Structures are given as C-alpha cells and as structure tokens.
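See structure below.
Worth saying up front: this structure is predicted, and the values here are computed from it rather than measured. In what follows, every heavy atom counts, from backbone to side chain, and hydrogens, waters and symmetry copies are set aside. Position 1 is the first residue of the sequence; numbering continues from there.
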Amino acid sequence: MEAKKMCIASDHAGWELKELIIGYLESMEIYPDDLGCYSKESVDYPEYGKKCGEAVASGKYAAGIVICGTGIGISMAANKVKGVRCALCTSTEMAEYAARHNNANILALGARTTPPEVALQILTTWMNTDFEGGRHKRRTDMLDAM
Ligand code: RB5
C-alpha cells in the first residue's frame, strides 16, 4: 500500500479497538485521521461507514479502516459509496486476498468477533500485501464502475 494518509472510523462497539489500532499505527509512525466516534456512547454505524467511505472515495486518503461489533454493518455502509472496496476480514488469509486480489481500499474489522491481537495481524497483513493487478485489475475496475 502506498504511504499516503489513512483514516479510521468506528461505532461505539468498535471504539476500543479503534483506539488500540491508532496506537499501533502511531508506533509505526503512521498517523491516521480519526473520523470518530470518540467514546463508547451509542452511535449508528451507517454514519461512520459512510464517513470513512466518502473520505477514501474522495481521494484524500489512500485507505481506511472501519470497525463495528461484527464489522458487518459498517462494511455494508462503506461499500454503498462508489469507488469503495471494503473488505470485512476475520483472518490473515482473508486480509492477504483482500489486498492481493480485491485491492481493498478499506479494511473492516469486528471488535466483538475478532480478538484484538488477531485484528492487528489482519491489519498488518492487509497493509503489507501488494495488489497483483492483471486480471484482478479488470475485476476491480468492474466493481468501481458499479
Ligand atoms: C451495535 O450494537 C452493533 O449492532 C454494531 O456494532 C455492528 O455489529 C453492526 O453490524
């Protein structure tokens, strides 16, 4: 992944994991913009998935991370935005293919379903895996045209 700015967003269920991930990225001198939410107070995941989706689709960010309880709702919201390829990953194998084949520009994680240490491994794999291009580019172009 190119070293351009990243953004991150979550709902209340993902807030704690979001804070952990921000600290983890900062320890690697990567400073993502935090698009909220900012506490454990209940909020609605569609708002934050949309926010991150629009931020990445605008071109301001190379990539984004979204987190909710399962990662399902917030990934659904992000994927409503044209140009977003948001992948909900629950294993490092999925993260690898999300980058290698799908060129996912947003990673979704489930804070209630994925242990934090696994979430960090998933994130690291996604960030460190390059898109293969070739036939996969034709397919991601098809997605982007939808
Ligand atoms: C919030 O309770 C929960 O529904 C949300 O975080 C997420 O898991 C939805 O997909």
Subject >> Single-linkage hydrophobic cluster Tyr97~Phe131, side-chain heavy atoms < 4.5 angstrom >> reply: no
**OP:** Look at the side-chain heavy atoms of Ile, Leu, Val, Met, Phe, Trp and Tyr, link any pair under 4.5 Å apart, and say whether Val84 and Met146 land in one connected group.
**Re:** no
Original post:
Between Ala98 and Cys89, which heavy-atom pair has the shortest distance, and what is it?
Top reply: CB-SG, 3.8 Å
**OP:** Count the heavy atoms belonging to other residues, nucleotides or ligands that lie under 6.0 Å from NZ of Lys51, then report whether that count exceeds 12.
**Re:** yes
**OP:** Could you tell me whether the side chain of Met6 reaches within less than 4.5 Å of the side chain of Ile30, counting heavy atoms only?
**Re:** yes
Original post:
Under 3.5 Å, is there a donor-acceptor pair between the side chain of Thr140 and the main chain of Lys137?
Top reply: yes
Original post:
Is there a chain of hydrophobic side chains (I, L, V, M, F, W, Y, each step under 4.5 Å between heavy atoms) that links Leu25 to Ile67?
Top reply: yes
Original post:
Checking Lys5 side chain against Tyr31 main chain: does a donor-acceptor pair fall under 3.5 Å?
Top reply: yes
Subject >> Closest non-hydrogen atom pair between Val81 and Ala57, with its separation >> reply: CG1-CB, 3.8 Å
**OP:** Please report the shortest heavy-atom distance between Pro116 and Leu20, naming the atom on each side.
**Re:** CB-CD2, 3.7 Å
**OP:** Identify the heavy atoms of Lys18 and Cys37 that sit nearest to each other, and give their distance.
**Re:** NZ-O, 2.8 Å
**OP:** Grab the two heavy atoms, one from Leu35 and one from Cys52, that are nearest each other, plus how far apart they are.
**Re:** CD1-CA, 3.8 Å
**OP:** To the nearest 0.5 Å, tell me how far Ile65 CD1 sits from Ile74 CD1.
**Re:** 11.5 Å
Subject >> Side-chain (Asn103) to main-chain (Ala99) donor-acceptor, under 3.5 angstrom >> reply: no
Original post:
Roughly how far, to the nearest 0.5 Å, is CD of Glu117 from CD1 of Ile122?
Top reply: 10.5 Å
Subject >> side chain to side chain contact (heavy atoms under 4.5 Å, CB included) against Glu132, all qualifying residues, sequence neighbours excluded >> reply: Arg100, His101, His136
**OP:** Evaluate side-chain hydrogen bond (donor to acceptor under 3.5 Å, both in side chains) for Tyr61 paired with Asp33, printing each intermediate quantity in order.
**Re:** CA-CA 9 Å; Tyr61 300 97; Asp33 279 352; 2.6 Å; yes
**OP:** State whether the side chain of Asp34 and the backbone N or O of Gly36 hold a donor-acceptor pair below 3.5 Å, judged by distance alone.
**Re:** yes
Original post:
Should the heavy atoms of other residues, nucleotides or ligands under 6.0 Å from CD of Glu41 be counted, would the total exceed 12?
Top reply: no
**OP:** If a pair satisfies side-chain hydrogen bond (donor to acceptor under 3.5 Å, both in side chains) and one of its residues is in residues 71-89, list it, with sequence neighbours excluded.
**Re:** Arg85-Asp144
Subject >> hydrophobic_cluster_shared for Tyr48 and Met76, side chain cutoff 4.5 Å >> reply: no
Subject >> Single hit among Val118, Thr70, Leu88 for side-chain contact (heavy atoms from CB on, under 4.5 Å) with Thr113 >> reply: Thr70
**OP:** Count the heavy atoms belonging to other residues, nucleotides or ligands that lie under 6.0 Å from CE of Met142, then report whether that count exceeds 12.
**Re:** no
Subject >> Check: Ala55 main-chain N/O paired with Ser58 side-chain donor or acceptor under 3.5 Å >> reply: yes
**OP:** Step by step, work out the side-chain contact (heavy atoms from CB on, under 4.5 Å) result for Leu109 and Leu107.
**Re:** CA-CA 7 Å; Leu109 294 165; Leu107 173 69; 4.2 Å; yes
**OP:** Search all heavy atoms of Trp126 against all heavy atoms of Ala104 and return the closest pair with its distance.
**Re:** NE1-O, 3.2 Å
Output a table of donor-acceptor pairs, distance under 3.5 Å, between side-chain atoms of residues 7-17 and any protein atom two or more places apart or on a different chain; print 'none' if there are none.
| residue | atom | partner | partner atom | Å |
| --- | --- | --- | --- | --- |
| Ser10 | OG | Trp15 | N | 3.4 |
| Asp11 | OD1 | Ala13 | N | 3.0 |
| Asp11 | OD1 | Gly14 | N | 3.1 |
| His12 | ND1 | Val43 | N | 3.2 |
| His12 | ND1 | Val43 | O | 3.4 |
| Trp15 | NE1 | Glu19 | OE2 | 3.3 |
| Glu16 | OE1 | Lys40 | NZ | 3.4 |

Original post:
Just by modelled atom types, is the Ile22 backbone N or O under 3.5 Å from a matching donor or acceptor in the Tyr24 side chain?
Top reply: no
